[in-house]
Amino acid sequence: MSTANVVGLLQSRMRKLSNDMQILLQYAACLGSSFSPSTLQFVWKENRSIVLTDDVSNVDEMLELAERANFMEPCGTDQLRWVHDKVQEAALSLSDLVTPAFQFQLGLCLYHGLEKKELDKRLFDITDLINKGAGVSREELATLNLRAAKKAQRTSAFLSASKYIANGIRFLPSDSWDTDRWLPLQLY
């Protein structure tokens with residue numbers, strides 16, 4: 001069976017679920033291969049306009065359903081992960097919800113809403129979400145990419161570090177060399 005067939009089969013199973021459940025799966029897929037239920041609840045609560053219900057307790061029930069349907073599984077303390085990367089891929093491409101603009105908004109929501117400790121833990125995922133949809137030059141985003149690059153460098157993930165640096169440079173304001181040289185010097 002080809003990869004496309006597997007994704008299509010998984011999507012047909014997912015489409016039988018409620019609309020809220022499908023949206024929850026897409027949010028979870030955007031959070032990465034593993035995520036904490038509390039982060040997903042935060043995203044759910046912050047994006048009520050898309051969600052049909054604003055009952056945050058409902059998230060736990062839907063996650064239990066996702067586990068019983070073998071889409072996700074527990075992974076350590078207070079973490080869930082997709083049982084396979086193709087399940088995550090199927091959830092990401094389930095509808096037109098996951099656009100670059102949506103990913104950008106979700107990344108910003110997490111960046112501004114999570115506490116520092118959780119932000120540091122999810123730094124790569126959040127930065128990737130922002131980078132996928134960002135079309136504006138902002139010093140804050142350049143700084144975020146610099147932080148992610150330094151963290152990637154510390155873990156010897158040099159290819160990832162170079163991508164974060166390139167994105168950080170892309171986000172630099174055009175007058176950055178004139179206004180504040182520290183950030184451009186760090187990125188270049």
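One-based numbering along the sequence shown. Values reported hereafter were calculated over all heavy atoms of this structure, with side chains retained and with hydrogens, waters and symmetry mates removed.
Salt-bridge annotation for Asp128 and Lys132: absent, with no side-chain N of the basic residue lying under 4.0 Å from a carboxylate O of the acidic one. Note on Arg147 versus Asp120: salt bridge recorded, some NZ/NE/NH1/NH2 to OD/OE distance being below 4.0 Å.
Nearest heavy-atom pair, Val43 versus Tyr27, reported as atom, atom and distance to 0.1 Å: CG1-CD2, 3.5 Å. Considering all non-hydrogen atoms of both residues, Ser38 and Asp78 come closest at OG-OD2, 4.0 Å. Across all non-hydrogen atoms, the minimal contact from Pro37 to Leu63 is CB-CD1, 3.8 Å. The nearest pair of heavy atoms linking Gln22 to Leu17 is NE2-O, 2.9 Å. Nearest approach of Ser36 to Gln79, heavy atoms of both residues: CB-NE2, 3.6 Å. When all heavy atoms of Gln103 and Val98 are compared, the pair lying nearest together is NE2-CG1, 3.5 Å.
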Report task. Carefully, step by step, assess Ser93 and Gln11 under the rule side-chain hydrogen bond (donor to acceptor under 3.5 Å, both in side chains). Result -> CA-CA 8 Å; Ser93 58; Gln11 284 179 332; 2.8 Å; yes
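Taking the side chain as every heavy atom from C-beta outward, Leu129 and Phe102 never approach each other to under 4.5 Å. With contacts defined as side-chain heavy-atom distances shorter than 4.5 Å, the pair Ile126/Leu119 qualifies.
Around atom NZ of Lys163, no more than 12 heavy atoms belonging to other residues, nucleotides or ligands sit under 6.0 Å away. Counting non-hydrogen atoms of neighbouring residues, nucleotides and ligands closer than 6.0 angstrom, the CG atom of Asp85 exceeds 12 such neighbours.
For the residue pair Asp60 and Gln41, a side-chain donor N or O sits within less than 3.5 Å of a side-chain acceptor on the partner. Of the N and O atoms on the side chains of Asn58 and Asp20, not one donor lies less than 3.5 Å from an acceptor on the other residue. A donor-acceptor contact closer than 3.5 angstrom links the side chains of Gln26 and Ser95.
Ile165 and Phe158 are not part of a single hydrophobic cluster, where members link through side-chain heavy atoms under 4.5 Å apart.
Take Glu73 and apply the salt bridge (Lys or Arg N to Asp or Glu O under 4.0 Å) test, not counting sequence neighbours, and it matches Arg81. Legend: residues meeting salt bridge (Lys or Arg N to Asp or Glu O under 4.0 Å) with Lys150, ordered by chain and number and at least two apart, are absent. In terms of the ring pair (Phe, Tyr, Trp, His ring centres under 6.0 Å) criterion, residue partners of Phe124 (sequence neighbours excluded) are, by chain and number, Tyr164.
For Phe104 and Tyr111, the distance between ring centers is not under 6.0 angstrom.
Put simply, the side chain of Thr39 never gets that close to the backbone of Phe35: no donor and acceptor are under 3.5 Å apart. At distances below 3.5 Å, at least one donor-acceptor pair connects side-chain atoms of Thr127 with backbone N or O atoms of Leu123.
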